[in-house]
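Please read the structure below before turning to the comments.
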Amino acid sequence: MRYWLYKSEPATWSWDQQKEKGAAGEEWTGVRNYQARNFMREMSVGDRGFFYHSNEGKEIVGIVEVVKEAHPDSTADDAKWECVDIKAVMDVPKPVSLEQVKAEPKLKDMVLVNNSRLSVQPVTEAEFAYVCELAGVDPEKAMKG
DNA sequence: GCCAACGTTGGC
DNA sequence: GCCAACGTTGGC
């Protein structure tokens with residue numbers, strides 16, 4: 001089991017819209033960055049991740065799970081671009097802001113802080129657990145389902 | 001709305 | 001294969 005973070009501008013694709021898709025989930029389309037695509041290729045069904053609102057909000061608002069591994073992105077002209085399908089698992093009671101993440105010494109190495117332009121990124125198990133605590137989520141539930 | 005950081009493109 | 005020009009992301 002690995003952990004990830006997905007960024008989305010709420011004006012384009014929000015957490016509410018993600019939740020409306022329910023257990024079937026939805027394709028995480030639109031990634032046009034090789035690093036981000038390569039991370040998606042590494043994902044397995046069941047991997048958990050954070051859903052982050054960029055630009056507006058700038059906070060982690062929910063927990064998602066991979067339901068389908070990497071496959072061609074139907075919105076891309078070029079077959080090289082791929083996406084996974086993810087579903088919403090749970091809200092976080094206390095969204096964790098970028099500001100909070102930056103203020104936490106334990107989270108100083110998060111990609112979110114160090115590479116602000118990467119839209120799909122890995123999160124370590126320790127980081128994931130700690131952010132869960134800040135978010136008011138039981139890490140056991142968030143990490144094991 | 002600005003701009004820094006970063007990635008990609010394309011001329012040479 | 002270098003690197004200048006350009007485009008995009010996303011924090012501020």
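Below, chains carry the letters A, B, ... as their sequence lines are ordered, and counting in each starts from 1. Just so we're clear, the structure is a prediction, and the values are computed from it rather than from any experiment. Note: hydrogens, waters and symmetry copies are ignored here, and every other heavy atom, side chains too, is used.
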(request) Indicate for each nucleotide in nucleotides 2-10 of chain B, in 5' to 3' sequence, whether protein heavy atoms under 4.0 Å reach the base (B), only the sugar-phosphate (S), or nothing (-). (result) ---BBSS--

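- Contacts of A:R37 classified as side-chain hydrogen bond (donor to acceptor under 3.5 Å, both in side chains), with partners at least two apart in sequence or in another chain: none.
- Side-chain N or O atoms of A:D73 include none that pairs as donor or acceptor with a backbone N or O of A:C83 at under 3.5 Å.
- Qualifying side-chain hydrogen bond (donor to acceptor under 3.5 Å, both in side chains) partners for A:D91, counting only residues two or more places apart in sequence or in other chains: A:W15, A:K19.
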Side chains of residues 125-136 of chain A: which donor-acceptor pairs under 3.5 Å do they make with residues two or more places apart or in other chains?
residue : atom : partner : partner atom : Å
A:E127  : OE1  : A:T124  : N            : 2.9
A:E127  : OE1  : A:T124  : OG1          : 3.3
A:Y130  : OH   : A:E104  : OE1          : 2.9

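- Shown for residues 94-107 of chain A: residues whose heavy atoms fall under 4.0 angstrom of DNA chain C, namely A:L98, A:K102.
- A salt bridge between A:K87 and A:E26 is absent, with no side-chain N of the basic residue lying under 4.0 Å from a carboxylate O of the acidic one.
- Salt bridge absent: A:R32 and A:D78 never bring a charged side-chain N and a carboxylate O closer than 4.0 Å.
- Legend: ring-ring contact (aromatic ring centres under 6.0 Å, His included) pairs involving residues 66-114 of chain A, not counting sequence neighbours, sorted by first then second residue: A:Y34-A:W81.
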